[in-house]
Amino acid sequence: MNRQNHVLKEKIAIVTGGGRGIGKAIARKLVEAGARVVIGDIDATLARQSASELTSNSGTCLDIYVDVCDEQSVASMVDTTLHKWGRVDILVNNAGILYRTRFPDITLEEWTRTMDVNLTGPFLCTQAVLPQMKKQSFGRIVNMSSSAGRSVSTLGGAHYTASKAGLLGLTRATAKELAAWGITVNAICPGLIDTAMARSTTSEAELTAYINSFPIRRLGLPEEIGDLVIFLCSDHAAYITGASFDINGGDLMM
């Protein structure tokens, strides 16, 4: 296995929503790069299974239940990480939800839930790791936005687009404020990625139509998102902050 030259050897990383899909792929890539990884997820069973799988592949993982919408739950995740390993070097704000509800039918409850998970969650997690990252004078924060945040969602409703656009604003604002402490903050904007969530919310006919409309005619792979995370967390990206990276097979070109 190519372990990416251990570019993140001994770094401590937290990945929210790390129990499945893109989050799990990111966790795997971090392990391969030499990091110790906390897999935080609201589904404790999936977090445990993923941590066990990656640990059995010569990685070092810790599973933690976390509700990113709950300040105390987030604080507990960070405290447990610090108790275990003494520092936090990397935060990947990956946890997210998507509803396909069209604008006239979006309820306030669904709107609020989307904003809580997709935007307030990264806010809470970033605040929670900040004291330790400032103390270390080092940190790498990667926010998982979407091509929706740069334009409009392929699948999700207006609330999904708004939350992901808001996350790009949060990325820029925190990048500007936190750079003085050696902390970089960047965002990744995936297009349509081949995950269970994408397939469960999309018919085969829809997927085929989308794929045929992309310049690169396939779905993106979760592992490709993971590779970009590794780059942004490595020393190769030390002079990059406040940026958003499109990875969508050419579906959106700006």
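For the single chain, residues carry numbers from 1 onward in sequence order.
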Original post:
Would V88 and L82 satisfy side-chain contact (heavy atoms from CB on, under 4.5 Å), going step by step from the backbone distance to the final call?
Top reply: CA-CA 7 Å; V88 180; L82 293 175; 3.8 Å; yes
**OP:** Could you walk me through whether I247 and I225 pass side-chain contact (heavy atoms from CB on, under 4.5 Å), step by step?
**Re:** CA-CA 8 Å; I247 178 166; I225 309 301; 3.6 Å; yes
Subject >> CA sep, side-chain torsions, deciding dist, call: V142, C233, side-chain contact (heavy atoms from CB on, under 4.5 Å) >> reply: CA-CA 8 Å; V142 180; C233 293; 3.9 Å; yes
**OP:** Evaluate side-chain contact (heavy atoms from CB on, under 4.5 Å) for S146 paired with C189, printing each intermediate quantity in order.
**Re:** CA-CA 4 Å; S146 167; C189 300; 5.6 Å; no
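By the criterion of side-chain heavy atoms lying less than 4.5 angstrom apart, applied directly or through intervening Ile, Leu, Val, Met, Phe, Trp or Tyr residues, Y210 is grouped together with Y160 in one hydrophobic cluster. The same ILVMFWY cluster, assembled from side-chain heavy atoms under 4.5 Å apart, contains both L167 and I141. L8 and L228 fall within a single hydrophobic cluster, where Ile, Leu, Val, Met, Phe, Trp and Tyr are joined by side-chain heavy atoms under 4.5 Å apart, directly or via other members. M144 and I97 fall into different hydrophobic clusters, where Ile, Leu, Val, Met, Phe, Trp and Tyr side chains are chained together by heavy-atom contacts under 4.5 Å. Note on V37 and V7: same hydrophobic cluster, where clusters join Ile, Leu, Val, Met, Phe, Trp and Tyr whose side-chain heavy atoms are under 4.5 Å apart, directly or indirectly.
By the 4.5 Å heavy-atom criterion applied to side chains, K24 and I22 are not counted as neighbours. Proximity of I188 to N143: side-chain heavy atoms (C-beta onward) are nowhere separated by under 4.5 Å. At least one side-chain heavy atom of I193 sits under 4.5 Å from a side-chain heavy atom of P190. Looking at heavy atoms from C-beta onward, Y99 lies out of side-chain contact with T201 at the 4.5 angstrom threshold. Side-chain contact check for V74 versus F123: every heavy-atom pair is 4.5 Å or farther apart. The closest side-chain heavy-atom distance from I14 to V92 is not below 4.5 Å.
Rounding to the nearest 0.5 angstrom, the gap separating the CD1 atom in I211 from the CG atom in D194 is 7.5 Å. Here CD1 of I90 is found 9.0 Å from OG of S234. Values are rounded to the nearest 0.5 Å. Taking CG of N248 as the reference point, atom CG of L219 lies at 12.0 Å (rounded to 0.5 Å). One finds the CG atom of L178 at 8.0 Å from the OG1 atom of T126 (value rounded to the nearest 0.5 Å). Interatomic distance, I230 CD1 to R140 CZ, rounded to the nearest 0.5 Å: 12.5 Å. Distance check, rounded to the nearest 0.5 Å: CG of D67 to OG1 of T16 gives 11.0 Å.
Sorted by first then second residue, the salt bridge (Lys or Arg N to Asp or Glu O under 4.0 Å) pairs that include residues 157-174, not counting sequence neighbours, number zero. A salt bridge (Lys or Arg N to Asp or Glu O under 4.0 Å) check over residues 144-160, counting only residues at least two apart or in different chains, returns the pairs R150-D246. Evaluation of the salt bridge (Lys or Arg N to Asp or Glu O under 4.0 Å) test over residues 7-19, restricted to residues two or more places apart or in two chains, returns E10-R36. Listed by first and then second residue, the salt bridge (Lys or Arg N to Asp or Glu O under 4.0 Å) pairs involving residues 204-216 are R100-E206, R199-E204 (not counting sequence neighbours).
M254 belongs to a hydrophobic cluster with L252, counting contacts under 4.5 Å between side-chain heavy atoms of Ile, Leu, Val, Met, Phe, Trp and Tyr, direct or through other members. The hydrophobic cluster containing I42, built from Ile/Leu/Val/Met/Phe/Trp/Tyr side-chain heavy atoms closer than 4.5 Å, also comprises Y65. The hydrophobic cluster of L168 has no other members, since no ILVMFWY side-chain heavy atom comes under 4.5 Å of it.
The aromatic rings of F231 and H236 sit parallel to each other, their planes meeting at less than 30°, with 60° as the upper class boundary.
For D105, the CG atom counts as densely surrounded, since its 6.0 Å shell holds more than 12 non-hydrogen atoms of other residues, nucleotides or ligands.
Here Q49 pairs with nothing under the side chain to side chain donor-acceptor pair (under 3.5 Å) rule; sequence neighbours left out. With sequence neighbours excluded, the residues that form a side chain to side chain donor-acceptor pair (under 3.5 Å) with S163 are N118. Considering only residues two or more places apart in sequence or on other chains, D63 meets the salt bridge (charged side-chain N to carboxylate O under 4.0 Å, His left out) condition with none of them. In this structure A158 satisfies the side chain to side chain contact (heavy atoms under 4.5 Å, CB included) test together with F103, I106, sequence neighbours excluded. Residues satisfying the salt bridge (charged side-chain N to carboxylate O under 4.0 Å, His left out) test with D89, not counting sequence neighbours, are R87.
Ion pair K134/E177 not flagged as a salt bridge, since none of the NZ, NE, NH1 or NH2 atoms sits closer than 4.0 Å to an Asp/Glu carboxylate oxygen.
For the residue pair G17 and A95, the shortest heavy atom distance occurs at N-CB, 3.8 Å.
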